[in-house]
There are 2 protein chains.
Amino acid sequence: MANDNGDYESLRLQNQVCFPLYACTKEIIRQYTPYLKELNLTYTQYLVMMVLWEKETVSSRELAECLHLDYGTLSPVLKRLDQTGYLTRERSLEDERLLKLTLTDEGRKRKSSAVRIPPAMTECVGLSQEELKTLYFLTNKALRHMESHSGKDS
Amino acid sequence: MANDNGDYESLRLQNQVCFPLYACTKEIIRQYTPYLKELNLTYTQYLVMMVLWEKETVSSRELAECLHLDYGTLSPVLKRLDQTGYLTRERSLEDERLLKLTLTDEGRKRKSSAVRIPPAMTECVGLSQEELKTLYFLTNKALRHMESHSGKDS
DNA sequence: TCCTATTCAATTGTGTACAATTATTATATC
DNA sequence: GATATAATAATTGTACACAATTGAATAGGA
């Protein structure tokens, strides 16, 4: 009934949606690199700094949640940012389990240098504002769907 | 003239397009993991296998190009797939620099188990066919733009 | 032919990324 | 108030990911 070609059609690299998503993400991050290098940051570290530039102080737990990263990834990243001198790590007084991260003056200074990164990256990706909005909408929709449908199906 | 809020608006995590792309990619790969574990594959190894399932034999150079991976990533991945017994690595006779990868019977067998992965993943992402097509189009467009505008501007 | 530049691949070093385990602190239950 | 449970981080182990370096094979030019 079904022919062999048709059965395996879905397994072709060209027919995967995730693959260009994966390749595109890596390529964008690669394009970020030279800009971030001037700030002594990696992309992951830049994500942490964006949160701190906005909130000044944040718990490790909040950070893990909003960046979708676990402690195995976050712990060494935070240690490096501490060593670089962009943030401080200290235990919360109310709850000794919580790690409180605070932006340092040195870290705050980098914010003004960072403002030119987003427009440069938008330029580099080569999509229109409309297309970027669509991309933003679709990836967020997929993310929300996967979050609500993973793990805790009781 | 310009207010401080407006200047830094573009630096907020919520206004980044790359971030949901990055988070979404990681989440999809995480969702792949249990399916791929049954085949003894990681996501990167699965990408290599998809190419081999289609072409039976391929050079390392071609693989690096179509998967957008460099040899630093690819070499150990190929070594592991060799150890698992899904492919063989041998030097090309015509050009000793080239590494020729060939699918083994054991590797070929896994293809029939893999066919149920793509529909399961489509389901899991939670986007319509139309939305997936749009996502595919936009990420490929961005990829092509970045490829043609990076490095060799003479 | 000899020399140089290029291509292909592997290796090294740094930095994620995540599952699984461990340790510490808080909370809930009795 | 002692004990079980849950929450928060850190650590360990495996596997990418990529820049930079190295080394071998090939191609191209004087």
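Computation of the quantities below employed the complete heavy-atom set of this structure, encompassing side-chain atoms and omitting hydrogens, waters and symmetry-equivalent molecules. Chain identifiers are assigned alphabetically (A, B, ...) following the order of the sequence lines, protein sequences preceding nucleic acid strands; residue numbering begins at 1 within each chain.
- Remark: A/R144 pairs with no residue by the side chain to side chain donor-acceptor pair (under 3.5 Å) rule, at least two apart or across chains.
- For B/N140, there are no side chain to side chain donor-acceptor pair (under 3.5 Å) partners two or more places apart in sequence or in a different chain.
- A/E96 meets the side chain to side chain donor-acceptor pair (under 3.5 Å) test with no other residue; sequence neighbours excluded.
- Considering every non-hydrogen atom in both B/P20 and A/T139, the closest pair reads CB-OG1, 3.4 Å.
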Sequence-aligned protein contact record of nucleotides 6-19 of chain D, with B where the base is within under 4.0 Å of a protein heavy atom and S where only the sugar-phosphate is: -BSBBB---SSBBB
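- The side chain to side chain donor-acceptor pair (under 3.5 Å) analysis of residues 63-72 of chain A, with sequence neighbours excluded, yields the pairs A/R61-A/E65, A/H68-A/E147, A/D70-A/T73.
- Going from atom CG of B/D82 over to atom C1' of C/dA10 covers 15 Å, rounded to whole Å.
- Using a 4.0 Å cut-off between charged nitrogen and carboxylate oxygen, B/K79 and B/D82 do not count as a salt-bridge pair.
- When the C1' atoms of four end pairs are superposed on the next four at each end of the helix from C/dT1-D/dA30 to C/dC30-D/dG1, using five pairs per end, the two resulting axes differ in direction by 10°, to 10°.
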Stepwise side-chain contact (heavy atoms from CB on, under 4.5 Å) test for A/Y32 and A/I117: CA-CA 8 Å; A/Y32 263 109; A/I117 297 181; 3.5 Å; yes
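- B/S148 places a side-chain N or O within donor-acceptor distance of the main-chain N or O of B/H145, the cut-off being under 3.5 Å.
- Put simply, CD on B/E96 is 15 Å from C1' on C/dA10, counting in whole angstrom units.
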